[in-house]
Amino acid sequence: MTPHYSISLFFLLLLSPTNAQTKYTNARNNNFINQFLAPQNAARSALHLRPLVWDKRLESYAKWYANQRRGDCALMHSEGPYGENIFWGGGGGWMPVQAAAAWASERRWYNYRYNSCAGGQQCGHYTQIVWRETRRIGCARVACNGGKGIFMTCNYDPPGNYIGERPY
């Protein structure tokens with residue numbers, strides 16, 4: 001009877017995910033999250049704002065919306081209840097850190113004194129990142145069908161970018 005029990009336990013161990021697999025999956029997920037978070041939290045840190053924290057509910061919303069854009073890769077906002085930054089890159093190599101860094105780089109176009117962007121420039125992605133009241137973030141990345149590129153989105157709660165209000 002003992003050998004039968006040992007063999008059953010052996011097969012159970014083969015069918016269960018290993019600690020190494022779980023650690024690998026967690027490391028990949030943490031890397032993905034950190035690629036979105038690090039540039040955005042660096043922008044917030046420069047202004048002595050609290051860091052954003054990852055939120056699974058916002059991540060689920062971002063995944064849901066990114067999947068809506070998988071077919072056309074269109075730069076259209078979800079019009080949902082959250083603040084939102086969207087990104088499109090042609091080809092297949094775009095990573096979350098590149099989208100987040102592009103949004104954060106809009107800092108150079110933002111004029112705090114006049115609470116506006118330099119003429120002809122965008123800075124609303126940056127102001128959403130550094131919106132003082134925003135606390136949570138969730139993001140997603142999808143490869144669009146037919147080689148149309150990469151679409152990424154981040155959602156923010158509470159949202160920001162209210163007309164006439166300063167971000168910080």
Side-chain angles (χ1 to χ4, degrees), residues 26-144 148-168:
N26 289 341
R28 279 190 56 192
N29 290 342
N30 287 340
N31 181 48
F32 177 81
I33 290 168
N34 285 333
Q35 283 194 43
F36 277 118
L37 278 177
Q40 297 186 72
N41 279 335
R44 292 178 67 86
S45 178
L47 299 169
H48 307 289
L49 298 172
R50 289 176 24 186
L52 298 171
V53 296
W54 196 259
D55 184 285
K56 289 288 194 181
R57 179 178 45 95
L58 292 172
E59 178 186 17
S60 292
Y61 182 86
K63 284 179 180 179
W64 169 81
Y65 185 65
N67 281 317
Q68 305 304 304
R69 298 277 56 95
R70 188 182 296 272
D72 59 13
C73 231
L75 273 176
M76 296 171 43
H77 284 280
S78 70
E79 305 300 329
Y82 306 113
E84 184 170 73
N85 283 343
I86 56 177
F87 175 93
W88 172 81
W94 295 94
M95 299 305 292
V97 69
Q98 293 167 301
W103 297 327
S105 75
E106 292 178 3
R107 177 183 186 187
R108 68 180 177 264
W109 306 120
Y110 179 65
N111 183 314
Y112 183 82
R113 180 176 181 191
Y114 297 107
N115 193 29
S116 65
C117 302
Q121 301 297 327
Q122 287 188 346
C123 63
H125 300 102
Y126 169 73
T127 54
Q128 174 57 76
I129 290 168
V130 298
W131 199 263
R132 179 184 305 279
E133 303 306 318
T134 299
R135 298 287 181 255
R136 293 168 299 283
I137 184 174
C139 308
R141 175 190 184 275
V142 295
C144 298
K148 293 177 186 164
I150 301 294
F151 180 87
M152 289 182 256
T153 181
C154 285
N155 292 98
Y156 304 84
D157 191 42
N161 283 346
Y162 292 107
I163 295 172
E165 291 184 29
R166 293 184 191 281
Y168 51 89

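Given the structure is predicted, the values throughout are model-derived calculations rather than measurements.
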Exercise for the section: Ignoring hydrogens and angles, tell me if any N or O in the side chain of W103 forms a donor-acceptor pair with the backbone of Q98 under 3.5 Å. Expected result: no
Problem - Atom NE2 of H48: over 12 foreign heavy atoms under 6.0 Å - result: no
Practice task
List the steps and the verdict of side chain to side chain contact (heavy atoms under 4.5 Å, CB included) for E84 and T153.
Solution key: CA-CA 7 Å; E84 184 170 73; T153 181; 3.6 Å; yes
Handout entry: Contact list for residues 82-124, test disulfide bond (SG atoms under 2.5 Å apart), sequence neighbours left out
Key = C117-C123
Exercise for the section: Determine the minimum heavy-atom distance between R113 and R166, stating which atoms define it. Expected result: O-NH2, 3.2 Å
Exercise for the section: Step through it carefully: locate the ring centre of F87, locate the ring centre of W94, and say whether they are under 6.0 Å apart. Expected result: yes
Practice task
Look at the side chain of S45 and the backbone N and O of A42, then say whether any donor-acceptor pair between them is shorter than 3.5 Å.
Solution key: no
Exercise for the section: Verify the neighbour count for atom CZ of R57: are there more than 12 heavy atoms of other residues, nucleotides or ligands below 6.0 Å? Expected result: yes
Problem - Minimum heavy-atom distance between A66 and V142, given as atom pair plus value - result: O-CG2, 3.4 Å
Practice task
Answer yes or no: does atom CZ of R136 have more than 12 heavy-atom neighbours from other residues, nucleotides or ligands under 6.0 Å?
Solution key: yes
Practice task
In sequence, state the C-alpha distance, the side-chain angles, and the governing distance for H77 and I86, and then conclude on side chain to side chain contact (heavy atoms under 4.5 Å, CB included).
Solution key: CA-CA 7 Å; H77 284 280; I86 56 177; 3.8 Å; yes
Practice task
Compare all side-chain heavy atoms of T134 with those of D157 and state whether any distance is below 4.5 angstrom.
Solution key: no
Practice task
Using distance alone, with no hydrogens and no angle criterion, decide if Q128 and N161 have a side-chain donor and acceptor under 3.5 Å apart.
Solution key: no
Problem - Side-chain H-bond candidate by donor/acceptor type, Q40 with Y156, under 3.5 Å - result: yes
Practice task
To the nearest 0.5 Å, tell me how far D72 CG sits from K148 NZ.
Solution key: 6.5 Å
Completion exercise
Taking every heavy atom of Q122 against every heavy atom of H125, the minimum-distance pair comes out as OE1-CE1, 3.3 Å
Exercise for the section: Would you mind reporting whether P96 and M152 have side-chain heavy atoms less than 4.5 Å apart? Expected result: yes
Practice task
Could you tell me whether the side chain of W131 reaches within less than 4.5 Å of the side chain of P159, counting heavy atoms only?
Solution key: no
Problem - For the student: nearest non-hydrogen atoms of P39 and F36, plus distance - result: CD-O, 3.8 Å
Fill in the blank from the handout: Of all heavy-atom pairs linking L49 and V130, the shortest is CD1-O, 3.2 Å
Practice task
Find out whether R141 and M95 are in side-chain contact, i.e. whether some heavy atom of one side chain is under 4.5 Å from a heavy atom of the other.
Solution key: yes
Completion exercise
To the nearest 0.5 Å, atom CG of L52 lies from atom CG of N41 at 5.0 Å
Problem - Nearest-0.5 Å distance, CG of residue N85 to OH of residue Y126 - result: 12.5 Å
Exercise for the section: Please say whether the positively charged group of R70, taken as NZ for Lys or CZ for Arg, lies over the ring of F151, i.e. under 6.0 angstrom from the six-membered ring centre and within 45 degrees of the axis. Expected result: no
Fill in the blank from the handout: For F32 and C139 the tightest heavy-atom approach is CE2-O, 4.2 Å
Practice task
May I ask you to check whether Y65 and Y61 place their ring centres under 6.0 Å from each other?
Solution key: no
Practice task
Measure the CZ-CZ distance between R44 and R50 for me, rounded to the nearest 0.5 Å.
Solution key: 8.5 Å
Exercise for the section: For E59 and W54, test the side chains for any donor-to-acceptor distance below 3.5 angstrom and give the result as yes or no. Expected result: yes
Problem - Min side-chain heavy-atom separation Y110-S116 under 4.5 Å - result: no
Handout entry: Validation row: I137, L37 side chains within 4.5 angstrom (heavy atoms)
Key = yes
